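As the structure is a computational prediction, the values presented were derived from the model and not from experiment. The first residue in the sequence is number 1, and the count goes up from there.
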Amino acid sequence: NKTSDSVLGVVVGDVGVVDSSGEKSGRRGGGKRGAAKALKEEEMEEKKPKRRGTKRRNKTDEDTTTNANLANKRTTTKNKKRTNKTKTPPTPTTPSFGRSVKKSSQSIDTKDDDNLETTEDEKNGKGVENGNTRTNTSSDWDGNGCKWVLDNGSSTIKAHCVSTGKSVVLENALFVLSKGRRVLFGDELKDTSGAFIARPCEQEYATDIQRQMCLWNKIAEMLSVSAQNTLVVSTPMHPFSELDEKLFKVATQQLLCDRIAFVKAPELAARMLTDGCGVIVDLGYSSSRVCCVHNYKIVEGTQVRLKVGGRIMTNYLKDIVSYRHVDVSSLQGLVEEMRIKTGKVVLSFVDALKEAKNRQPRDNAHMIDYVLPDFASHMHGRVIDDRENMSVVPLKSVDGQQLIRLTNETFAPQELLFHPIDIGIDSVGICECIALSIKQSPKWLAPLLVSRIYLIGGNAQIPGLSDRIGHDLPPLLPSWLDAPVVTRMDRPAEVVLEGAKVLVNDKEALVSYLSNNNEQ
């Protein structure tokens, strides 16, 4: 019953299909049609893409040997990892900024002293850090060279170069134009109405290192500071060592500083006092700080900080003016200028509110007409102080410029220094902070501190502030102390800068600050 087909090359039978090699395929045959169908199925299976790992195969002796080898490799790698944990980690490398420069002070990065040998530079008082040589700050410095100081405030940066005699005051912010996305400095921009203000400092701390270094580079160019210089920078009353380390590393690389001294602002201000003793009340932009100083050093435990500063007072004035007169919510610089030109402090807030209700200009000492800038012919606002010719009904414009009438807006924002709870800040006022700082000082030092209370900072220029503090402070002090003497220092916004100039000229005091920074 078997027939051969030479064309197909297979033998078809009732039992199954057998190929030309004589092996049975396992399919039932049905004559020539069955053979043709079987061939087509085989061709289709060959054309199908083969998937990896779909077919199972039986374990052989080779598989067992490979599995054993893999197990041995895993155990060896685990042992290597355990041994690597005991080794000392590699020293971290500081990021390179495209050029090698000389660094100052001691190395911040940790080094393995057992694996390093002293070189000739280290024996001569020099160190090596990441391939860049640096000089020793405390022992080898002769006090000469280019020296410059920076008062890094939250609102403005005040700098002075001792070598060239130049001084610079620059806004501590970068202005980004909304149209072209250009980044400009404060001295390059006349119209700040359409600019976005990016400040590197938050709550008096330089948190954005890149923006801060950009501003410091600009100031170094304006002062013509040479390479291998000595820099003195003011820091907050409670500095963060991590931020100072970042500023130190970047400043030594970008500003080419050999020596950097980070000094607290109250200690710099104490350099302007006769014997370096008193209560320093720093009324700044981000906050207000109070501390006692003795022998040009802060007395530990007397530092008190108030959250209210120039920024909060400006924001409060901005909300009042936007609600009552004109929307200035996006004009931070305009409102800041308005507060500086019209702000004052009154002795009694309640009596001042009663007087501000009077609509007669002659009987209301708090009424002021303020002309807003048009940012075309006038870039700044101005105050019209002509109370005799002032009408009862305020004018809408003067020479094409919009005019607004201010009454209690002149003294309400400054009242936040004495009663922060008015806007929901759970804190005491500035007078309570001064009294608390004096109480925490040594008992033998308190009588001397009460007679030497000094106001510094930009907000110390507000009219009537020293009189109000002198009026409210005596009831808060112990009865055995004399009446306090509150003094506003000359040019209070520049006291820290002037104290830094005095410190730079005193070599022994400056070297002590440099050595302390190195130890930290």
Side-chain angles (χ1 to χ4, degrees), residues 153-157 169-204 208 211 215 283-287 307-344 366-385 394-417 422-423 425 458-459 461-463 493:
S154 299
S155 177
T156 58
I157 302 176
V169 178
L170 186 66
E171 188 79 14
N172 194 4
L174 295 176
F175 298 88
V176 183
L177 298 181
S178 58
K179 295 181 180 179
R181 308 301 296 175
R182 292 180 57 195
V183 179
L184 299 176
F185 297 95
D187 60 339
E188 299 175 351
L189 191 63
K190 297 181 179 180
D191 182 10
T192 61
S193 59
F196 173 76
I197 303 175
R199 294 188 181 275
C201 293
E202 294 182 6
Q203 295 296 326
E204 78 207 33
D208 196 332
R211 289 176 181 172
L215 291 163
L283 304 166
Y285 182 73
S286 296
S287 61
K307 295 181 180 179
V308 179
R311 179 183 297 175
I312 291 180
M313 291 188 287
T314 300
N315 292 337
Y316 183 62
L317 178 61
K318 182 171 59 177
D319 294 340
I320 296 175
V321 174
S322 299
Y323 181 76
R324 296 178 181 176
H325 304 286
V326 62
D327 186 14
V328 290
S329 57
S330 60
L331 302 174
Q332 183 77 14
L334 185 147
V335 182
E336 179 72 19
E337 184 183 11
M338 183 190 303
R339 183 185 67 84
I340 294 173
K341 291 183 177 180
T342 63
K344 63 180 179 180
H366 309 292
M367 186 178 294
I368 290 177
D369 286 341
Y370 189 79
V371 182
L372 298 175
D374 56 0
F375 297 107
S377 58
H378 299 84
M379 296 297 175
H380 300 280
R382 67 181 189 274
V383 177
I384 298 179
D385 192 8
L395 301 176
K396 293 184 178 180
S397 62
V398 175
D399 297 333
Q401 295 179 254
Q402 190 173 2
L403 183 142
I404 58 175
R405 174 161 291 182
L406 305 177
T407 53
N408 61 354
E409 294 91 348
T410 58
F411 58 86
Q414 287 71 234
E415 190 66 22
L416 298 179
L417 284 172
D422 291 346
I423 58 172
I425 298 177
N459 289 326
Q461 303 174 2
I462 300 175

Can you tell me how far apart [atom1] ([X]) and [atom2] ([Y]) are? Round to the nearest 0.5 Å.
X: Ile368; Y: Ile384; atom1: CD1; atom2: CD1; value: 11.0 Å
X: Lys318; Y: Glu409; atom1: NZ; atom2: CD; value: 15.5 Å
X: Lys396; Y: Ile404; atom1: NZ; atom2: CD1; value: 15.0 Å
X: Asp369; Y: Leu403; atom1: CG; atom2: CG; value: 4.5 Å
X: Cys201; Y: Ile157; atom1: SG; atom2: CD1; value: 7.0 Å
X: Phe175; Y: Leu184; atom1: CZ; atom2: CG; value: 9.0 Å

Please examine the side chains of [Y] and [X], heavy atoms only from C-beta on, and report whether any two atoms are closer than 4.5 Å.
X: Ile312; Y: Ile423; answer: yes
X: Ile340; Y: Gln461; answer: no
X: His325; Y: Leu372; answer: no
X: Glu336; Y: Tyr285; answer: yes
X: Gln332; Y: Asn315; answer: yes
X: Leu174; Y: Phe185; answer: yes

What are the two closest heavy atoms between [X] and [Y], and how far apart are they?
X: Ala173; Y: Ile197; answer: CB-CG2, 3.7 Å
X: Leu215; Y: Glu171; answer: CD2-O, 4.0 Å
X: His378; Y: Pro373; answer: O-CB, 3.4 Å
X: Val335; Y: Thr314; answer: CG1-O, 3.6 Å

Next on the checklist: Could you go through Asp208 and Arg199, starting from their C-alpha distance and side-chain angles, then the distance that decides it, and tell me whether this counts as side-chain contact (heavy atoms from CB on, under 4.5 Å)?
Outcome noted: CA-CA 8 Å; Asp208 196 332; Arg199 294 188 181 275; over 6 Å; no
Item to check | Partner of Glu204 under side-chain hydrogen bond (donor to acceptor under 3.5 Å, both in side chains), chosen from Ser154, Ser286, Ser287 | outcome: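 One option only clears the test, and that one is Ser287.
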Is it the case that the side chain of [X] and the backbone of [Y] share a donor-acceptor pair, with hydrogens and angles ignored and the cut-off at 3.5 Å?
X: Asn459; Y: Gly284; answer: yes
X: Ser322; Y: Val328; answer: yes
X: Gln414; Y: Thr410; answer: yes
X: Asn172; Y: Gly153; answer: yes
X: Lys341; Y: Gly381; answer: yes

